[in-house]
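Working notes, beginning with the structure itself.
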Amino acid sequence: MGVTFLHTADFHLGSPLRAVEAASESLAERLQRATHEALRRVIQVALDEDVDFVVVAGDLYDQQARSVYANEFLVNQFERLKDADIPCYVVHGNHDPLGAGAEKLPLPDNVHVFGADDVETVLYPNEDEPEARIMGQSYGSQWESNSLYYHYTPPDTAIPNIGLLHTGLNPDGRRYAPCGPSDLAQKQIDYWALGHIHTPRLVDGAPAAYAGIPQGRNIGETAVGGCLLVDVDAGGDPDIEFVPTSPIVWQEIVVDLGTASTDDDTPLRNLADAEGYLEERMLDLRAADQDSLTDTLPMPVAETDWMPEGFVCRWTLSGRGELCEALDEEATDVLANRLRERSSSASPFVWTESVRDYSAPPLSDLETLVESDEIISELVELSNEIRADDATRAELRAKTGDVWESRTDEEHEDVSEERIALDEERLDDLIDRAVTRSIDELATRSDNAN
Ligand SMILES: [Mn+2]
């Protein structure tokens, strides 16, 4: 016996979108609409697919003090499910813990909200002839340090067991219901519907997935947003399919000045070249299709006629090239404004969030520098000696101690830096970077002196 349901999470309704407001009021408005439109479409998927039920894994609201607009919108969406006799099971997360605020408008009675005191169990569609068991526990406060998963213990495995959990999936974490994939795998749960991480993700080693945020809110959330359709039997592996819904897709496009070129194959030299080049990339984006936009997702994607209404782009210029000399803060602003005028009304539109310049001026190649500049040649020799000398390496490592490194995991919040041991590979990397920077500096200075 199996059930088919829709898994969604992390609506963050009522999110203030501050970062975007600064860039453009009209874009902020567009995104605000997109956040609502994305959820409306998620509900439409549930209706079109006639799923048995819907599960929501936390962070429905962005803030503990629930926005009344968001509350009303959510009530309306859940009522669409109610009209189709589709029940909905909800846990609250760290952004909308139960203890903090109550809805001003009550949710319709097809919605079951799991309490925060214990793991609760609900049988679908009813206790007399159950077809699935849904277990869940909401956060009672912003930080949930307990390993909630531990108490998800179904009494039997005769029907599919589904667990709703809002978790950072970090066994060593202290805030977001700590647990790891192996913890989840050892429970008799056929599918863990997870929330908190905003990128759609399958969990390695456990029958668990994150549905992701239906509509990304900023440049950190570039994945296409949507929801998951899940089909699961008692004791079987879940079938998981992603359905894209986000009206707007964020993109960060990195342009390497070392390889980027104009139509006639010359390197980008001035603002006009840069504008022409970025316009071409805009056309590429507008020609993208569902396959190319979703090909980084780790799960099968449903065939739909989805296309975003538009893209919001950050253009990051990197590498070395002549164009660098033409770029300063004013130039990147002007470039961004010119790009905005180009394609903000096309369909799909491409809105330029910003142009960022991390590029560097071109450099003659290292060999030439070493030959022509005595100081640089000595620096390279010295760095090679350091690299090869075990005693010096040990001394460097002892002096430096642990180093800070930014975390690169996809968790959307609390992305902080953490301290890690300076191993041999990182030490080599540090030496390389120090030498490269010193050579850059020396070469630039001797250029200026000449
Ligand atoms: Mn969260």
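In what follows, residues are counted from 1 in the order of the sequence shown. For ligands, and for the atoms within them, numbers begin at 1 and follow the listed sequence. Keep in mind that the numbers below use all heavy atoms, side chains included, and drop hydrogens, waters and symmetry copies.
Atom CZ of R201 sits about 10.0 Å away from atom CE of M299, to the nearest 0.5 Å.
The nearest N/O/S atom of D59 to the Mn ion (ligand 1) is OD2.
The angle N94:OD1 - the Mn ion (ligand 1) - H196:ND1 amounts to 90°, with values rounded to 10 degrees.
For R30 and F349, the positive end sits near the middle of the six-membered ring, less than 6.0 Å away and at most 45° from its axis.
At a cut-off of 2.8 Å, H95 is not counted among the residues with an N, O or S atom near the Mn ion (ligand 1). Among the atoms of Y176, no N, O or S atom falls under 2.8 Å of the Mn ion (ligand 1).
Close placement of the F5 and Y191 rings is indicated, their centers lying within 6.0 Å of each other. In summary, the aromatic rings of H92 and H166 are positioned with their centroids too far apart to meet the 6.0 Å limit.
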